[in-house]
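Report on the structure given below.
Every chain is numbered from 1 and lettered A, B, ... according to where its sequence line falls, protein lines coming before strand lines.
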There are 2 protein chains.
Amino acid sequence: MLRMTEHANEKTMLTKNERLILESLSQAETPQSAYDLLDSVRDQGIRAPAQVYRALSGLMSKHLIHRIDSSNTYLCCQKPSHEHPNAICLAICDECQQVTELDGVRIGDQLEEYAKASGFESKLTSVELRGLCAKCH
Amino acid sequence: MLRMTEHANEKTMLTKNERLILESLSQAETPQSAYDLLDSVRDQGIRAPAQVYRALSGLMSKHLIHRIDSSNTYLCCQKPSHEHPNAICLAICDECQQVTELDGVRIGDQLEEYAKASGFESKLTSVELRGLCAKCH
DNA sequence: ACGAGGTGTGTTATGTTATAACAAATTTAT
DNA sequence: ATAAATTTGTTATAACATAACACACCTCGT
């Protein structure tokens, strides 16, 4: 029942469409929208938004990509795949669009601490910093 | 040139549509989508999305409301209007949808600190914690 | 009073992001 | 072999957001 199509370990076990999208995303210089990705994989047989969104959804579950909520875009996870922090922290340059992933464990623990003071039990937090990266400022 | 329609101080100087939307939002129990708000002010003469989005945009500039990026919804700012922290921190209950606004100054300073280590100059950061509030967990 | 410039409004149309629903194909389990 | 589960392809539509333009209104300088 858990056996799958791929001859690979669980972590990198991707469907064909997931592989296509991940490949495309990893070659992009900046975060991509779902429709950007659709355009870039059209010549590989993917024709409909649903196909892209399914792949994105699968890749997110596998912690291989992140979604940037403030711009409706997606990018590859930059951290080792075995880390699944309780917070995703992205520093996004408003000038060049480069993204740096900060230490989600440390920041997540800190935020959890703060939230607990209000009796809030946090499960998954997202931090998006907007500003200028080292190169651009 | 700075003189305006309203007889009120700068901070609370709102247009008619901004007042309608803010009023509607302040009576809502939970964060509302733009189209939720449109429905709730239809009987007050507002008919088109653009009118709502313009009002929301104005209210955001005046720091009277926040947008929750992870759910495309809006809510009233809970903090005193004179505080304009560099980070907006919202703890959102996945069960009851209640939102608690955490200390954006303290958290923002902390995050700025972390980001600076990567040479990143942050201007505006958004933090969204998902989990369970005190009542629900 | 007049008209120029600014701001707010109403309206139509359209752009962008995302999901529902279902049938066909493929893979896996028995 | 065949039943069960998963992945895929496809069409249609939902949900979120903005562009563009005309008009009303106010205020400021003349």
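- Between A/Glu18 atom CD and D/dT6 atom P the separation is 13 Å, expressed in whole Å.
- The aromatic ring of B/Tyr35 sits over the base of D/dC16, with ring centres less than 5.5 Å apart and planes tilted by under 30°.
- Among the nucleotides C/dT12, D/dT10, C/dT17, the one closest to the side chain of A/Tyr53 is C/dT17.
- In the set D/dT10, C/dT17, C/dT12, C/dT17 carries the atom at the smallest distance from any side-chain atom of A/Ser33.
- Listed here is the closest heavy atom pair of A/Lys79 and A/Glu101: CG-OE2, 3.2 Å.
- Put simply, CD1 on A/Ile21 is 11 Å from P on D/dG9, counting in whole angstrom units.
- OP1 or OP2 of D/dG9 sits under 4.0 Å from a side-chain N or O of A/Asn17.
- Considering all non-hydrogen atoms of both residues, A/Tyr74 and A/Leu25 come closest at O-CD1, 3.4 Å.
- Looking at every heavy atom in both residues, B/Gly104 comes nearest to B/Asn86 through O-OD1, 3.7 Å.
- Within the nucleic acid shown, A/Arg54 comes within 4.0 Å of at least one base atom, counting heavy atoms only.
- Rounded to whole angstrom, the span from the CG atom of B/Asp36 across to the C1' atom of D/dA15 amounts to 11 Å.
- Comparing A/Ala50 and B/Ala48 along DNA chain C, the residue whose closest nucleotide (by nearest heavy atom) sits nearer the 5' end is B/Ala48.
- Protein atom CD1 of A/Ile68 is 15 Å distant from nucleotide atom C1' of C/dT17, rounded to whole Å.
- Contact annotation: B/Gln51 side-chain N/O to C/dT9 OP1/OP2 distance is not under 4.0 Å.
- Between A/Arg19 atom CZ and D/dT8 atom C1' there is a gap of 13 Å when expressed in whole angstrom units.
- Relative to the side chain of A/Asn72, the nucleotides C/dT17, D/dC16, C/dT19 differ in distance, and C/dT17 lies closest.
- Grouping Ile, Leu, Val, Met, Phe, Trp and Tyr residues whose side-chain heavy atoms lie under 4.5 Å apart, directly or via other members, places A/Leu75 in a hydrophobic cluster with A/Ile68, A/Ile88, A/Leu90, A/Ile92, A/Val99.
- Rounded to whole angstrom, the span from the CG atom of B/Leu38 across to the P atom of C/dT9 amounts to 15 Å.
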Step-by-step side chain to side chain donor-acceptor pair (under 3.5 Å) determination, B/Thr100 to A/Ser118: CA-CA 8 Å; B/Thr100 304; A/Ser118 317; 5.8 Å; no
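- Computed from coordinates, the B/Gln44 CD to C/dT9 C1' distance equals 16 Å when rounded to whole Å.
- Between A/Ile46 and B/Ser71, it is A/Ile46 whose nearest contact on DNA chain D lies nearer the 5' terminus.
- Note on B/Thr15: every side-chain N or O is 4.0 Å or more away from OP1 and OP2 of C/dT7.
- Computed from coordinates, the B/Gln32 CD to D/dA15 C1' distance equals 15 Å when rounded to whole Å.
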